[in-house]
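Report on one structure; see the data block that follows.
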Protein chains: 2
Amino acid sequence: MSDTADIQKAIGPKSSGRAPGPGRPREFDESKALETALNVFWQKGFEAASLDDLTKAMGLSRSSFYGTFGSKQALFQRALVQYSQKALDNLQDVADTAENDPVGAMVEALADPQGGSRGCMLINCVTELAPHDQDVATIGRRHLESIEEIIARAIDPDNPDTARDQASAYASLAIGTLALRKAGVPAERIAKTLAQAKSVLSPD
Amino acid sequence: MSDTADIQKAIGPKSSGRAPGPGRPREFDESKALETALNVFWQKGFEAASLDDLTKAMGLSRSSFYGTFGSKQALFQRALVQYSQKALDNLQDVADTAENDPVGAMVEALADPQGGSRGCMLINCVTELAPHDQDVATIGRRHLESIEEIIARAIDPDNPDTARDQASAYASLAIGTLALRKAGVPAERIAKTLAQAKSVLSPD
DNA sequence: CTAAATATGGACTGATCATTCCGTAAATGT
DNA sequence: ACATTTACGGAATGATCAGTCCATATTTAG
C-alpha cells in the first residue's frame, strides 16, 4: 500500500466538500448523517453502538457508510468533535444571554444537558474510552479546558486566569452531578445540591 | 423448567459457603476469584471485559466459571457490590483516621481513588450501564447516597441531615474531578481545583 | 454513445462474543 | 469396590461484530 493510501485511510475517505465532478451523486446529506450518528453514539456509547444501529439510523448501506466515513472509529471522532463544538457554543450562549447570574446559569446548563438522561456525551465517552484511547482523551481534555475557560471569563473577564481554579471547581461540581442523575438520584436532590454549592461558591 | 430452577438461575448457582459434602472439591478460592474479576471489570468495564479475559485472569475454565458464578452479569453484580462495600469502608476509615480535616481528607480520597487511573469502578459502571440497567443504577445510587451520608456525619455528627446538601456538593465535586483525571488534566491542576473548592466550601 | 468515476444494496468474511455440553477426574458415603 | 456427586478442560454453538467485495446504478466528460 502506498503512503498516500495510508494517509487517505488515516484521515478518512473523500469525506466532505467534494467537487461535483463525475460519478453518481450521493443520495444522502453527509452532515445530517453525521448528526444522526452522533445521537446514536450519545445514547449507546461507542462500543454498544453497532454498525447495524448506525447504518439503520443513518439510512445508509454499509458501502456508503465506509465510502463516506472510512470507519466506525473515524466517524466517532468526527461526531465527538462536532458535539464538543456545539456544546461549547451552547454554553457560551447561556453565558451571554443570562440575565443576572451567568455562572450559575452555566452550572445549571452543564448539570442538566440537553438530551434528557443521556448526560454529556463527552463525559460519557471520556469515562468509557479515554483510559485506552489517546485521541478521545485529548478531545475530552480540550473540551473540559474550554468549559473552564468560558466559565472563568464569565467570572472575571479582566483576569480569567485568576478565576481558573474557581471555574474548574464549578465545572467539576456540575459534571459530578451528572453521575448522580444517571444513578437515579431525584432531580430535586440534585437541584438542592447545586443551590447549596452555588450559594457558597458565589461571591454574591 | 421448574420454579426452583428459575430461582436457582436468578440468584446464581450454589455459589458460596457450600457444605463439604460429596463431589470433587474446588481447586480455587471463590473469593479470590471474585476479587480478580473485580479488578478486570474495574480496568476494562463490563462490556470490554470478555470471558476470556475473566477466566484467564481468574485461572478458571469456562465450566468452573459458569458453575460457580452463573453468568457474566451475575458475577459483575457481585463484584460491584463487593467494590461498593470495600470503598465505603475505606472512606469511613479515612474519615476516622484523619488528623484535623476529615472532610477534606475524604474529598481527596474520593478524587484520587486507589487503583491508579482506573477511577472509581462504580462511577465508571454507572456512566456505562446505569441508563440501561436498573440493577446497576440502584447499586450506584445507594453507593452515592452512602458516600453523602458518611460525609454528612463527618461535617456534623449531631445534625447530619442539615449537612446533607453540603456533603452532596463535596461528593459531586470529587466525582467530577475523576473525569478531569481520566481526560489527562494534570494532577497539579486538579489539586488546585480541589484546594480552591475546599477553601471556599469549608466553614473554617 | 461510450468511457470513466462514484454510489448503492446486500451478500460475504473472519473474528470474537457469551454460553452450553460432554467426557473425564476427584471427592464422599455405603 | 461402587454409586453418587461435584469439578474440570476444552471443544462446539449460534449470535453478532466490524469491515470487505462485487454486481449494478447513476452521474459527468468527451
Side-chain angles (χ1 to χ4, degrees), chain A residues 1 5-6 8-10 12-30 32-34 37 40-41 44-79 128-129 132-133, chain B residues 1 5-6 8-10 12-30 32-33 37 40-41 44-79 128-129 133:
Chain A
M1 185 185 270
D6 279 340
Q8 186 63 19
K9 179 145 202 172
K14 56 221 73 158
S15 54
S16 54
R18 81 177 191 81
R24 180 173 168 177
R26 295 233 167 101
E27 294 175 0
F28 62 95
D29 181 328
E30 182 174 329
K32 285 275 181 194
L34 177 59
V40 175
F41 282 130
K44 299 202 165 196
F46 176 75
E47 294 286 358
S50 72
L51 255 116
D52 278 347
D53 293 332
L54 290 166
T55 52
K56 193 173 173 182
M58 300 162 87
L60 297 192
S61 70
R62 279 169 129 76
S63 309
S64 301
F65 180 95
Y66 280 96
T68 305
F69 298 106
S71 71
K72 185 187 174 186
Q73 188 66 239
L75 169 65
F76 175 68
Q77 289 201 11
R78 284 185 61 181
E128 179 188 0
L129 304 170
H132 307 295
D133 186 326
Chain B
M1 185 184 271
D6 279 340
Q8 185 63 19
K9 179 145 202 174
K14 56 219 76 158
S15 54
S16 52
R18 82 177 192 81
R24 179 172 169 179
R26 295 233 167 101
E27 294 176 0
F28 62 95
D29 181 327
E30 181 174 330
K32 285 274 180 194
V40 175
F41 281 130
K44 299 201 165 195
F46 176 75
E47 294 286 357
S50 72
L51 245 85
D52 278 347
D53 294 332
L54 290 165
T55 53
K56 193 173 173 184
M58 300 162 87
L60 297 192
S61 70
R62 283 170 130 77
S63 310
S64 302
F65 180 94
Y66 280 95
T68 305
F69 298 105
S71 71
K72 184 186 174 186
Q73 188 63 243
L75 169 66
F76 175 68
Q77 289 200 11
R78 284 185 63 181
E128 179 187 2
L129 304 169
D133 186 326

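In what follows, chains are A, B, ... by sequence order, proteins preceding strands, each numbered from 1.
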Which pair of non-hydrogen atoms, one from A:Leu54 and one from A:Ala49, has the smallest distance, and what is that distance?
CD1-O, 4.2 Å

Of the nucleotides C:dC17, C:dG9, D:dG19, which one has an atom closest to the side chain of A:Lys72?
D:dG19

Taking atom P of D:dA7 as reference, at what distance in whole Å does atom CG of B:Asp29 sit?
14 Å

Closest non-hydrogen atom pair, B:Phe69 against B:Ala74:
O-CB, 3.4 Å

Over how many whole Å does the gap from B:Arg62 atom CZ to C:dC22 atom C1' extend?
16 Å

How many whole angstroms separate atom CG of B:Leu51 from atom P of D:dA15?
18 Å

Measure the distance from CZ on A:Arg26 to P on C:dA5 and round it to the nearest whole Å.
17 Å

Please evaluate the base of C:dG10 for a donor-acceptor partner in the side chain of A:Ser63 within a cut-off of under 3.5 Å?
yes

Separation of D:dC17 atom P from A:Lys56 atom NZ, nearest Å, is 12 Å

Can you tell me how far P of C:dT16 sits from CG of B:Asp53, to the nearest Å?
11 Å

Side chains of B:Asp133 and B:Glu128: closer than 4.5 Å at any heavy-atom pair?
no

Round to the nearest Å and state the distance from A:Phe28 atom CZ to D:dA25 atom P.
20 Å

Are A:Glu47 and A:Lys44 close enough for a salt bridge, meaning some N to O gap below 4.0 Å?
no

Starting at the 5' end of DNA chain C and moving along, which residue's nearest nucleotide shows up first, A:Gly59 or B:Phe65?
A:Gly59

Could you check whether B:Ser50 gets within reach of a base, just the sugar-phosphate, or nothing at all, counting any heavy atom under 4.0 Å?
sugar-phosphate

B:Arg78 vs B:Gln73 side-chain heavy atoms within contact, under 4.5 Å:
no

Taking OH from B:Tyr66 and C1' from D:dA7, how many angstroms apart are they, rounded to a whole number?
17 Å

Can a side chain N or O of B:Ser64 be found less than 4.0 Å away from OP1 or OP2 on D:dC8?
yes

Is there, by distance only and without an angle test, a donor paired with an acceptor across the side chain of A:Arg24 and the base of D:dA25 below 3.5 Å?
yes

Which part of the nucleic acid, if any, lies within contact of A:Ala48, taking any heavy atom under 4.0 Å across all strands shown: a base, the sugar-phosphate backbone alone, or nothing?
nothing

